[in-house]
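Quick notes on the structure that follows.
A, B, ... follow the sequence lines: proteins, then strands. Residue 1 opens every chain. These numbers were taken from a predicted model, which means no experiment stands behind them.
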Amino acid sequence: MADFTTSEMMTVAAARMLGNGTVCFVGIGLPSTAANLARLTHAPEAVLIYESGPIGAKPEVLPLSIGDGDLAVNADTVVSTPEIFRYWLQGGRIDVGFLGGAQIDRFANLNTTVIGPYDAPKVRLPGAGGAPEIAAMAGEILIIMSQDKRAFVDKLDFITTAGHLTGGESRKEAGLTGKGPTAVITDLCIMRPDPETRELVVTDLHPGVTADQVREKTGWDIRFANDLRETGAPSETELSVLRDLLKRTAEAHGTGK
Amino acid sequence: MADFTTSEMMTVAAARMLGNGTVCFVGIGLPSTAANLARLTHAPEAVLIYESGPIGAKPEVLPLSIGDGDLAVNADTVVSTPEIFRYWLQGGRIDVGFLGGAQIDRFANLNTTVIGPYDAPKVRLPGAGGAPEIAAMAGEILIIMSQDKRAFVDKLDFITTAGHLTGGESRKEAGLTGKGPTAVITDLCIMRPDPETRELVVTDLHPGVTADQVREKTGWDIRFANDLRETGAPSETELSVLRDLLKRTAEAHGTGK
Amino acid sequence: MAKICSLAEAIGEFLRDGDTVAMEGFTHLIPHAAAHEVIRQKRKDLTLVRMTPDLIYDQLIGMGCARRLVFSWGGNPGVGSLHRFRDAVEKGWPHRLEIEEHSHAALANAYVAGASGLPFAVLRGYTGSDLPKHNPRIKFINCPFTGEQLAAVPSVRPDVTVIHAQKADRKGNVLIWGIVGVQKEAVMAAKRAIVTVEEIVDDLEADANACVLPYWVVSAVAEVPMGAHPSYAHGYYERDNRFYTAWDDISRNRDSFTGWMERHVLATRDWAEYRDVLAKTGGKL
Amino acid sequence: MAKICSLAEAIGEFLRDGDTVAMEGFTHLIPHAAAHEVIRQKRKDLTLVRMTPDLIYDQLIGMGCARRLVFSWGGNPGVGSLHRFRDAVEKGWPHRLEIEEHSHAALANAYVAGASGLPFAVLRGYTGSDLPKHNPRIKFINCPFTGEQLAAVPSVRPDVTVIHAQKADRKGNVLIWGIVGVQKEAVMAAKRAIVTVEEIVDDLEADANACVLPYWVVSAVAEVPMGAHPSYAHGYYERDNRFYTAWDDISRNRDSFTGWMERHVLATRDWAEYRDVLAKTGGKL
């Protein structure tokens, strides 16, 4: 088995969840890395849509920003940003929304707005971007975040983007159409909402990770599935494609790291 | 003075009203003929917009339909039909709306919907098209129609497009933003709304036309301005440009008439 | 995902009796071949939506395919009346036709709302017009911020939209250029979309911001050269104005209309055969 | 009608203290040169509107030009925080900054509504989010036909919109291609529009359906090569990712920020001189 980092494992595990041919609304950063890895491995027909306008984007290297020129060059078409949100997202054309976030709670609600009170924030975060409507209207949502007690919190200071709200049927009752978050992929494990309570439950531990490590990095009393599985380690192909992609990207952006 | 037909006089008189550089939303038929004559004579910088999408259209020959290809070829740009009505017309970018109509009343309201009751029409006309919103939102409206008792009627069976409604301030009170119809150009004369009552008053008689001829062809007791003027006859240039345009058009469309 | 197939298969599989059908094309790229195939396959009880019903809808109405018409301008552009449309509305032949009548601005906005997944459209419209008195589907609402009154109409959400375009590639990506009208909105507003094209090519060679419909929003693509005639396809052929003029006579009375449709449409196997017959008859009776 | 002039003239004549200003460009074609000129001319009390406030708004906010910010995502794309934006919101430096916060979908729709001459936009949005609790300019309305609840936001109608584009012709017709973002809507929604371009050419050579702004909706056009840097201009130059990374250090504390702005912007006559200084300093302090 190849040697790999926890962050590589996270990206690979997330990429595997994107089926071939699915239409995916891609957030920048980790989601974009995972979506492009999927496209370059098992999902060549995945359709990547970025909120800046590219539809069917096939970037050679990863975009640092949601509007990098490389996104437009090989896209099937490039439309205006309002059209992306109106005809494509709100129009119900998106299968999967791929999101990250600063903070998440047990019901997969996301905070990207503030730490502390809204009017006197301790930390002012970037804000909502496209997330609230992506999470509301895509067929389902995948969330990818590095795990950490300050990120996986018991209570959010601010709900920017609704996941399963207060659990149970609360999401449906609020009138949200899509399925909402179906998986949260971290550098330690994969969590999925419990079918009844919608509380996140660890269903897969990445190779070599223990339940205690996950507990230490979760701000609530995290539950584990009875049939807890181990995530399959990244294959040689997955790793080499991912590493080449990141290498190409660093070279192209002159951000060599 | 050159020899000319009443219909040529009508087109020329209408064309003269389109100032150079004005942005004009052009209806098909007579309005399009007049607008293009203006563009080819005194108003080379007039911007012609057709509801099918061309902005800054410069057709070589007159379009038979509002979407003729020739409209797109030399246009500054071609946008979608919804964009024309949303960003350009409703967005308040149109100076002059150039309309025709089947029936008109003394307050320059137009009927292009039905003769007789709506639910059991004697004659079913084509309908509204873009007229109601063009007449509502263009800075001002020019109407060009051949005069006839069945067209210039005392009472409309149906108001498709609001002109000055019941006269006076009724248009403004209804919340209509543009000035509304400022002139009606016929094959006999030019009518303009009275500044107070907004009732159409004949301000100009075309050369050789008598007030009685106008009365005979108007379905209400038409009024005449005290300072009734005579329309200047078409110049050699106006006539030759118009005739060449119509000739080119007939040849191109194979509708030689 | 787009199925590349014959027009007959496309209509057979994706357009059903009772459907709400939008056939769009603002005098450019009007899907005449597709309309003929709908008539050949004898679809009925259709709700037909179109901003500018012209010859194709005159034919569908005259052949009894339509139960209801949603429109904003019905005429023979540059020629005059649609005689079959008028006969249906004025005299109920071949049967009564329900109509829902709008202005262009309202119907264009209703397509945009449909494409945007919204139940209604808001516009500054209909003020002072009698149309709202006769169309209960035109309402007025107030802006929650300014109090201003605005018109509202339900969005158009067809079961199937049918358009004609210049090109598709072998995956079914579609390119429309020139006067694009309301076609993109009509396709995005619909559950299913049938597209006929002048040609299927290896590469669309589309400009980055061109009007492209990705294969995964299109149900079927059929290659039908000259499929818009007597309308035109920018870059391929011009509008056949003579045919529009001829249609005025053909459609003026019921017998001549029916005779013409039987000979040219019902008696022909497909668009290619129709084109042959048309060449022989010269479009005349 | 577009006035072809220098950037200094354009800002001097068309952008005033207290204006509501939208500078748009979705990471592509961001009008950096124009923002610098606004800072040089010491405009103040501006209401700044932008979906994605990034470096240019960080600079305008840090230099005290802004009273209010309307936005939906404020960060240094691919790098991290906007330190001047955070300092203003968290600590009120250089002075308090009012914020009106939306989601991208809402703000994009608000521009569309503004361009469409409507007072508000309707969208399916904000459900379950805390944003409506803190932004009174987000309301909910019901569809007059289905009763469905939808979100409503006021339209954006800037006094002036500022964008950067690839080309203009000598009349002032403007061509934007590639990632066009929300620029057309921002221009159509505004009373005045200032456009900087990479080059002024004889003929735009634009595709029929390209994103073109006619000269008569543009107030002023200024030729400013590299005017989007460190953002990019598709077909001209790439995004300078190193500068975005460097900005994180430059802007992290108040003194380094102020020192950098004085040396690079306030002490330079125009964009060309700024580019020279930048070449010497390598963007460093």
Option that, when pairs with chain A are counted at under 4.5 Å, heavy atom only, ranks first among C/Cys211, C/Ala115, C/Gly117: C/Ala115
Name the region of C/Ala206, side chain, backbone, both or neither, that has any atom closer than 4.5 Å to a heavy atom of chain A. neither
Does the plane of the ring in C/His28 sit parallel, tilted or perpendicular to the ring in C/His234? Use 30° and 60° as the thresholds. perpendicular
Between C/Trp177 and C/Tyr236, what is the ring plane arrangement, given parallel below 30°, perpendicular above 60°, and tilted in between? tilted
Side chain, backbone, both or neither: which part of A/Val73 has a non-hydrogen atom closer than 4.5 Å to chain C? neither
For A/Thr160 and A/Thr113, test the side chains for any donor-to-acceptor distance below 3.5 angstrom and give the result as yes or no. yes
Hey, is C/Lys184 close enough to C/Glu24 for a salt bridge, meaning N to O under 4.0 Å? no
